[in-house]
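Working notes for the structure below.
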There are 2 protein chains.
Amino acid sequence: MPDTLKDLEQKIRSFTPVSDSDMEFGLQFYKRKTFKKGQFLVQPGQYIRDFYFMKQGCVTFYTIEEGITRVMEFYTSGSFFTDLYPYIEEIQSESYLEITEDSIVYVISKLDALKVFDHSHALERFGRLSMQKAFINNFQRINRIKNLSNQERYLQLLEKRPSLFQRVPQYLIASYLGLTPVGLSKIRKRLSKK
Amino acid sequence: MPDTLKDLEQKIRSFTPVSDSDMEFGLQFYKRKTFKKGQFLVQPGQYIRDFYFMKQGCVTFYTIEEGITRVMEFYTSGSFFTDLYPYIEEIQSESYLEITEDSIVYVISKLDALKVFDHSHALERFGRLSMQKAFINNFQRINRIKNLSNQERYLQLLEKRPSLFQRVPQYLIASYLGLTPVGLSKIRKRLSKK
DNA sequence: GATTCTAATTAAACTAGTTTAATAAATATT
DNA sequence: AATATTTATTAAACTAGTTTAATTAGAATC
């Protein structure tokens with residue numbers, strides 16, 4: 001087990017206890033890969049074979065429909081991610097996973113991930129708990145979208161993930177917030193006047 | 001194992017194979033309960049001890065903030081649900097789970113659910129996969145909220161869950177869609193003119 | 001350093017929602 | 001059946017966003 005996977009190991013153990021032998025079994029399948037800004041992990045039409053852990057960097061998950069880029073999520077250090085629906089259903093992706101900043105990513109194939117879950121009850125539990133956490137995060141995001149104004153959500157993003165604004169152009173953040181670039185610019189102007 | 005749990009058993013098996021003995025072990029902890037319209041499974045201030053499966057009926061998951069009712073979800077037949085965040089974190093709920101239609105619910109305590117996951121790798125996998133499905137559903141809901149107009153989302157709800165409109169007053173559906181009752185009424189009027 | 005290209009802001013006209021209040025239609029109660 | 005209560009609609013004024021287009025600012029390239 002290469003030492004570079006220490007942070008992934010820590011992340012897993014933050015969810016549930018895992019024996020050293022199970023951990024070693026699981027981590028052996030992960031490959032460390034580096035990507036340059038502008039590269040794609042996923043493009044429309046592809047089948048999703050892999051599951052990812054972002055060690056360092058940033059990837060943007062988006063679609064383009066009728067020429068409009070729609071950002072669904074930015075994944076940064078410490079996040080697990082993939083294009084989950086096509087990954088599960090083994091259908092073609094309709095999305096992009098584009099590296100937005102030079103990144104180090106740990107990659108495990110779906111086949112290997114299933115082996116890991118088969119082999120270790122503890123790691124299956126980790127899978128359940130990490131999915132549970134992702135569920136809760138999404139649920140809370142829905143509530144923010146429904147219950148807060150766009151201005152409030154902009155301010156909250158600025159507070160909770162300030163580094164995004166260094167990493168990613170503003171029009172992508174606007175899309176993530178469900179706004180046009182013009183709309184976000186107006187909000188910023190309104191706020192700067194106070 | 002009482003025969004009344006057949007549909008829960010089927011639901012679980014729709015996710016992953018489970019041996020009869022594991023299934024029997026798991027199902028023994030579920031209690032069948034009936035509730036009348038207007039009863040509450042959860043109210044603000046309570047700790048969440050239980051996880052639920054809706055056999056028949058409807059429950060509305062909402063908060064009241066500054067006098068405004070905000071509907072997060074309607075759970076109907078075949079859904080697993082609870083107020084997950086306080087359930088996990090063992091903090092007080094801030095929400096209501098109100099029975100909106102006479103219902104039959106299967107209930108398992110958190111303690112028993114943990115016993116089940118400890119005892120059976122297969123049922124832990126079921127837990128992972130059901131959570132994964134819930135995650136995907138929420139993710140797709142976020143995308144609908146972000147990418148569709150309110151009118152489109154109203155039409156889609158009408159198409160996908162028509163029975164909701166029989167079960168639940170319109171102002172709660174408006175809230176679920178992130179609209180005021182006035183706003184939803186306007187959309188309906190606009191559509192009826194076509 | 002000048003040029004080119006991309007991103008962000010601004011302006012103007014527009015739109016789909018909001019709020020508040022009044023009215024109408026259903027539903028529940030006596 | 002009559003009354004009270006709750007729910008849904010309508011109207012009017014307002015607002016936070018949109019779209020389109022022009023302008024400015026910032027980055028990258030030659």
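Just so we're on the same page: letters track the sequence lines, and every chain starts at 1.
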Rounding to a whole Å, what distance do you find between [X]:[atom1] and [N]:[atom2]?
| X | N | atom1 | atom2 | result |
| --- | --- | --- | --- | --- |
| B/Arg153 | C/dA16 | CZ | P | 15 Å |
| A/Leu148 | D/dG17 | CG | P | 12 Å |
| B/Leu184 | C/dT18 | CG | C1' | 14 Å |
| B/Ile145 | C/dA16 | CD1 | P | 20 Å |
| B/Tyr171 | C/dA26 | OH | P | 17 Å |
| B/Lys186 | C/dT15 | NZ | P | 13 Å |
| A/Tyr154 | D/dG17 | OH | P | 13 Å |
| B/Gln151 | D/dT18 | CD | P | 18 Å |

Choose from [options] the nucleotide whose nearest atom is closest to any side-chain atom of [X].
| X | options | answer |
| --- | --- | --- |
| A/Lys189 | D/dT10, C/dT10, D/dT18 | C/dT10 |
| A/Pro181 | D/dA8, C/dT9, C/dT19 | C/dT9 |
| B/Ser185 | D/dG17, D/dT9, C/dG17 | D/dT9 |
| B/Thr180 | C/dG17, D/dT18, C/dT19 | C/dT19 |
| B/Val182 | D/dG17, D/dT19, D/dA11 | D/dA11 |
| B/Arg190 | C/dA16, D/dT19, D/dA11 | C/dA16 |

Centroid-centroid distance, [X] to [Y], less than 6.0 Å:
| X | Y | result |
| --- | --- | --- |
| B/Tyr96 | B/Phe40 | yes |
| A/Phe61 | A/Tyr176 | no |
| B/Phe80 | B/Phe126 | yes |
| B/Phe135 | A/Phe135 | no |

Quiz item: Looking just at side-chain N and O atoms, do A/Tyr30 and A/Asp112 make a donor-acceptor pair shorter than 3.5 Å?
Solution: no

Quiz item: Is it the case that B/Arg128 places NZ or CZ above or below the six-membered ring of A/Phe117, under 6.0 angstrom from the centre and within 45 degrees of the axis?
Solution: yes

Quiz item: Is A/Arg125 positioned over the aromatic face of A/Phe15, cation under 6.0 angstrom from the ring centre and no more than 45 degrees off axis?
Solution: no

Practice problem: Assign each of B/Lys37 and B/Gly183 to its nearest nucleotide of DNA chain C by heavy atoms, then name whichever residue's nucleotide is nearer the 5' end. | Solution: B/Gly183

Quiz item: Looking at DNA chain D, which of residues 156-169 of chain B put a heavy atom within less than 4.0 Å of it?
Solution: B/Pro169

Can a side chain N or O of [X] be found less than 4.0 Å away from OP1 or OP2 on [N]?
| X | N | result |
| --- | --- | --- |
| A/Asn150 | D/dG17 | yes |
| B/Gln170 | D/dT9 | yes |
| A/Arg188 | C/dT9 | yes |

Quiz item: What about B/Ile48 and B/Leu114, same hydrophobic cluster or not, with Ile/Leu/Val/Met/Phe/Trp/Tyr joined at side-chain heavy-atom distances under 4.5 Å?
Solution: no

